[in-house]
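One structure is given below, encoded as C-alpha cells.
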Amino acid sequence: MKKSLILLGMSLLAACGVQKTELPLLPEEAFQTTVDGKPVALYTLHAGDITMQVTNYGARVVSLWTPDREGRYEDIVLGYESLDRYIDNRGERFLGAVVGPYANRIARGRFTLDGIDYPLDRNENGNLLHGGASGFHRARWDVIDDRGGLTLRLESPEGDAGFPGNVRVQVRYTLDDDGTLTIDYTGVTDAPTPLNLT
C-alpha cells in the first residue's frame, strides 16, 4: 500500500510538472502594416489543443498548430513568416487565402452572362486565374467580429477585375474544443455574377 501511494505521489508530481508546449507563433509585428491605407494585422485563435493565426490581408490562414498522436505540435499549413512575403511574392501567391471572386480559371479571360460579354483581367497565359491579379487574396478585409472566432468582410465593387455586380463576401473562422476548424463563406450580390470562393 505504501509503495502504491509513493508511486501515485510521484505520478502526480510528474503530471504537475508537465507544461503545454510553447508554440513558436508568428510575431504580430511581422504582419502590422497598411495596405491601400488600411491597417493589416494578425489574429490568433485558440480552442482545445489547436492554435490558428489569420491575417486580414487576403483573409488568409498563416499558421495552424495542432498536436499529433504523441502530443508533438506542428504547423500544418504552408505559409510565410511575414506579411511582406505575401505582398511581394511572385511565386506561390494563394497560400492560405480566400480565393475569389472566382477560384479556378476562366478560359480566355471572358464569359457571357444574360447575353452580355464580360472581358476580365487576364493574369495567367491569357486566362483569369483565381480572381485576377487583384483578386480577393490581395485585398485587405475588414474584421467585423473577433469573439468566439474571426469574421472578415470584403466589399467588391461592380467592375472589379471585370466582374458584374457589387459583391459583399464574408468568411468566418471558428475553432472548436474537439479540434474542428470550420470555415463559413457567404456572398451577396446586387446583380447576377459568377462567385466561386475557396
Side-chain angles (χ1 to χ4, degrees), residues 11-101 103 130-131 133-156 168-187 197-198:
S11 296
L12 288 173
L13 285 174
C16 291
V18 173
Q19 297 178 355
K20 185 176 177 181
T21 304
E22 186 71 28
L23 300 176
L25 297 177
L26 297 168
E28 290 183 13
E29 55 274 7
F31 287 81
Q32 291 173 336
T33 189
T34 58
V35 172
D36 297 328
K38 298 175 183 174
V40 174
L42 185 67
Y43 300 86
T44 302
L45 306 174
H46 303 281
D49 291 334
I50 299 177
T51 299
M52 180 172 73
Q53 291 182 289
V54 178
T55 178
N56 60 324
Y57 179 73
R60 68 182 74 231
V61 175
V62 295
S63 73
L64 180 60
W65 290 88
T66 183
D68 64 15
R69 70 183 81 180
E70 279 84 36
R72 295 180 304 243
Y73 279 80
E74 288 291 334
D75 182 3
I76 61 170
V77 299
L78 295 175
Y80 300 116
E81 68 283 349
S82 69
L83 189 64
D84 293 342
R85 295 287 312 276
Y86 292 101
I87 293 174
D88 297 325
N89 192 318
R90 299 204 186 282
E92 181 49 66
R93 304 175 304 277
F94 305 105
L95 293 176
V98 172
V99 175
H130 296 334
S134 62
F136 294 175
H137 67 287
R138 293 194 49 90
R140 184 262 185 211
W141 293 57
D142 294 318
V143 175
I144 60 170
D145 185 10
D146 62 356
R147 295 164 298 169
L150 184 65
T151 305
L152 302 112
R153 180 182 296 154
L154 179 66
E155 306 278 343
S156 178
R168 174 183 286 176
V169 177
Q170 190 167 293
V171 61
R172 178 155 179 85
Y173 297 107
T174 54
L175 296 176
D176 295 329
D177 288 335
D178 67 356
T180 302
L181 164 61
T182 303
I183 305 172
D184 288 314
Y185 297 100
T186 58
L197 306 173
T198 188

Distance-only check: which donor-acceptor pairs under 3.5 Å involve side-chain atoms of residues 145-154, not counting sequence neighbours?
from: D145; atom 1: OD1; to: R147; atom 2: N; distance (Å): 3.0
from: D145; atom 1: OD1; to: R147; atom 2: NE; distance (Å): 3.0
from: D145; atom 1: OD1; to: R147; atom 2: NH2; distance (Å): 3.4
from: T151; atom 1: OG1; to: R172; atom 2: NH1; distance (Å): 2.5
from: R153; atom 1: NE; to: Q170; atom 2: OE1; distance (Å): 3.3
from: R153; atom 1: NH2; to: Q170; atom 2: OE1; distance (Å): 3.1

Strictly distance-based, threshold 3.5 Å: is any side-chain N or O of N56 a donor or acceptor partner for the main-chain N or O of W141?
yes
Are any of the side-chain heavy atoms of H46 and L175 separated by less than 4.5 Å?
no
Which atoms form the tightest heavy-atom contact between L181 and Y173, and what is the distance?
CD1-CD2, 4.5 Å
Answer yes if the side chains of S82 and D84 hold a donor-acceptor pair under 3.5 Å, and no otherwise.
no
Determine whether more than 12 heavy atoms belonging to other residues, nucleotides or ligands lie under 6.0 Å from atom CG of L78.
no
Backbone N or O of I87 within a donor-acceptor pair of the R138 side chain at under 3.5 Å?
yes
Show the nearest heavy-atom pair for residues Y86 and R60, with the distance to one decimal.
CD2-NH1, 3.3 Å
Donor-acceptor contact below 3.5 Å, side chain D178 vs main chain T180:
yes
Note: D75 and V62 closest approach over all heavy atoms is OD2-O, 4.1 Å
Quickly, which of V54, T55, V98 forms a side chain to side chain contact (heavy atoms under 4.5 Å, CB included) with V61? Name it, please.
V54
Minimal heavy-atom distance between V171 and A59, with the atoms involved, is CG1-CB, 4.0 Å
Return the set of residues passing salt bridge (charged side-chain N to carboxylate O under 4.0 Å, His left out) with E74 (not counting sequence neighbours), or none when no residue passes.
none
How close do G131 and P101 get, heavy atom to heavy atom, and via which atoms?
CA-CD, 3.6 Å
Where the side chain of D68 meets the backbone of R72, is there a donor-acceptor pair that is under 3.5 Å apart?
yes
Name every donor-acceptor pair, under 3.5 Å, that has one atom in a side chain of residues 25-36 and the other anywhere in the protein, sequence neighbours excluded.
none

Between E92 (side chain only) and F94 (backbone N and O only), is there a donor and an acceptor less than 3.5 Å apart?
yes
Would you say the side chain of T51 lies within less than 4.5 Å of the side chain of Y73, judging by non-hydrogen atoms?
no
